[in-house]
Peer 1: 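Before anything else, here's the structure in question.
Sequence lines set the chain letters: A, B, ... in the order given, protein chains first and strands last, and positions in each chain run from 1. Treat the numbers as computed from the prediction; the structure is a model and nothing was measured.
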Amino acid sequence: MFIGSGLVHCYLKFKLMDDALQVFERLPVKDDIVLWNAMVNGYVQIGESGKALTIFRRMVETGLVPNKFAVTGVLSALALAAEVYNGRMVHAFSIKMGYDMGIEVLNVLIDMYGKCRQLEDAFLVFENMIEKDIYSWNSIVSVYEQCGDHDGTLRLFKGMLSSGFRPDMVTFAAALPACTHLSALMRGKEVHGYMIVNGLDKLGSTYIANAIMDMYAKCGSMMEARMVFDETKVKDVASWNIMVMGYGMQGFGDEALNMFSCMCEGGLKPD
RNA sequence: GCUUUCUUUAAAG
């Protein structure tokens, strides 16, 4: 039994959910809430919200009372599944249990409401937090962007800065596309400028570099998009597509075709 | 021992 749970944890560590589940099901006694939570979170992490919720319901049926870890896990699953109704129930339960005093639970509530497109509720949770951390800020900034409130995203980004928090790649992954969608070159430059000044511009992934390129491209500054492109060591198909599209849409047919052939030479296949 | 955040590739999704 002890060995079995160790094995489940081991499979979970490597995201081998099928194997983890198989061993889990064979456990004669399933009274360890940590194991249940780990199963729920394992499914959440691979995007299987339905399976995560099924495990959670079974856990409750066995009579175990969800602790705050279980609550964060199930809220994450509900966020993925965009199930607000159940999300609200879990929220109410958290309050009843006093879990809403914990910052992690509040952070995931922001995310849950946001992913369920209930921005007002997300903001209410955020606003009423006694203390906020980088997850709180990143969550609220991200859900505003996800909901298409680009101005709100940038407003919160500024609020984050003035509150003394240092944005990271997660923040930029939301703030940059906000500028992109607004075609706000100046504000995009401010965000990119912040990254440069703080030495964060080269630390990001290809994904972030692409977001910067796309911001410049969609804001009409192909020169700057090109500079970022050239400085980006690891390019992927999206990097090339952003440039080809940008040149194409702005009437630089030659450059677009150029890019296109370079992409094919580089061994990448266009979409 | 288990927990939270990342919409990069321009037209009706």
Peer 1: Among B:U5, B:U7, B:U3, which is the nearest nucleotide to the side chain of A:Val170?
Peer 2: B:U5

Peer 1: Compare the minimum distances between each of B:C2, B:U8, B:A10 and the side chain of A:Lys218, then state the nucleotide with the smallest one.
Peer 2: B:A10

Peer 1: Could you check A:Arg187 against A:Asp151 for salt bridge (charged side-chain N to carboxylate O under 4.0 Å, His left out), going step by step and ending with a plain yes or no?
Peer 2: CA-CA 11 Å; A:Arg187 296 205 266 178; A:Asp151 276 304; 2.9 Å; yes

Peer 1: The side chain of A:Gln45 lies closest to which of these nucleotides: B:U3, B:U8, B:C6?
Peer 2: B:U3

Peer 1: Find the distance A:Leu185:CG to B:A10:P and express it as a whole number of Å.
Peer 2: 18 Å

Peer 1: Nearest of B:U3, B:U8, B:U4 to any side-chain atom of A:Val108?
Peer 2: B:U4

Peer 1: From the set B:G1, B:U5, B:U3, return the single nucleotide nearest to any side-chain atom of A:Ser142.
Peer 2: B:U5

Peer 1: Please report the interatomic distance NZ(A:Lys96) to NE2(A:His91), rounded to the nearest 0.5 Å.
Peer 2: 13.5 Å

Peer 1: Applying a 4.0 Å non-hydrogen cut-off, can you work out what A:Ala217 is touching in the nucleic acid: base, sugar-phosphate, or nothing?
Peer 2: base

Peer 1: May I have the step-by-step check of side chain to side chain donor-acceptor pair (under 3.5 Å) for A:Tyr216 and A:His192, ending in yes or no?
Peer 2: CA-CA 10 Å; A:Tyr216 282 123; A:His192 187 205; 2.7 Å; yes

Peer 1: Expressed as a whole number of angstroms, how long is the span from A:Asn138:CG to B:C6:C1'?
Peer 2: 8 Å

Peer 1: For A:Asp32, answer base if it contacts any base atom (sugar-phosphate contacts may also be present), sugar-phosphate if it contacts only those atoms, and nothing otherwise; contact means non-hydrogen atoms under 4.0 Å.
Peer 2: base

Peer 1: Could you check how far CG of A:Asp236 sits from C1' of B:U9, rounded to whole Å?
Peer 2: 9 Å

Peer 1: Closest approach to the side chain of A:Met245, judged atom by atom: which nucleotide of B:U9, B:U4, B:C2 is it?
Peer 2: B:U9

Peer 1: Between C1' on B:C2 and CG on A:Asn37, what's the gap in Å once rounded to a whole number?
Peer 2: 5 Å

Peer 1: Select one nucleotide: of B:U8, B:U3, B:U4, the one nearest the side-chain heavy atoms of A:Ala238.
Peer 2: B:U8

Peer 1: Roughly how many Å is it from CG in A:Leu156 to P in B:C6, rounded to a whole number?
Peer 2: 15 Å

Peer 1: Counting side-chain heavy atoms from C-beta on, which of B:C6, B:U7, B:G1 comes nearest to A:Lys115?
Peer 2: B:C6

Peer 1: In whole Å, what is the span from the CE atom of A:Met169 to the C1' atom of B:C6?
Peer 2: 11 Å

Peer 1: Is the distance from OP1 or OP2 of B:U5 to the nearest side-chain N or O of A:Lys132 less than 4.0 Å?
Peer 2: no

Peer 1: Looking at A:Asp149 and A:Arg155, does any basic side-chain N land under 4.0 Å from a carboxylate oxygen?
Peer 2: no

Peer 1: Can A:Tyr135 be classed as stacking with the base of B:U4, given a centroid separation cut-off of 5.5 Å and a plane angle cut-off of 30°?
Peer 2: yes

Peer 1: Using the C1' atoms only, state how far B:U9 lies from B:G13, rounded to an integer number of Å.
Peer 2: 16 Å

Peer 1: So for A:Asp214 and B:U8, does any side-chain atom that can act as donor or acceptor lie under 3.5 Å from a complementary atom in the base?
Peer 2: no

Peer 1: What's the closest nucleotide to the A:Ser139 side chain, out of B:U5, B:U8, B:A10?
Peer 2: B:U5

Peer 1: Output yes when A:Glu224 and A:Lys189 qualify as a salt bridge under the 4.0 Å nitrogen-oxygen rule, no when they do not.
Peer 2: yes

Peer 1: Expressed in angstrom and rounded to an integer, what is the separation of A:Ile110 atom CD1 from B:C6 atom P?
Peer 2: 12 Å

Peer 1: Using 30° and 60° as the class limits, which term best fits the ring planes of A:Phe157 and A:Tyr194: parallel, tilted or perpendicular?
Peer 2: perpendicular

Peer 1: Which nucleotide in the set B:G1, B:U7, B:A10 lies at the smallest distance from any side-chain heavy atom of A:Gln250?
Peer 2: B:A10

Peer 1: Report the secondary structure of RNA chain B in dot-bracket form, marking unpaired bases with a dot and bases paired to a different strand with |, and treating Watson-Crick or G-U pairs with both distances under 3.5 Å as paired.
Peer 2: .............

Peer 1: Got a second to check how far A:Phe252's CZ is from A:Met259's CE, nearest 0.5 Å?
Peer 2: 12.5 Å

Peer 1: For a quick check under 3.5 Å, do A:Glu83 and A:Asn86 share a side-chain donor-acceptor pair by atom type?
Peer 2: yes

Peer 1: CD1 of A:Ile103 versus P of B:U4: gap in Å, rounded?
Peer 2: 14 Å

Peer 1: What is the distance from atom NZ of A:Lys235 to atom SG of A:Cys262, rounded to the nearest 0.5 Å?
Peer 2: 10.5 Å

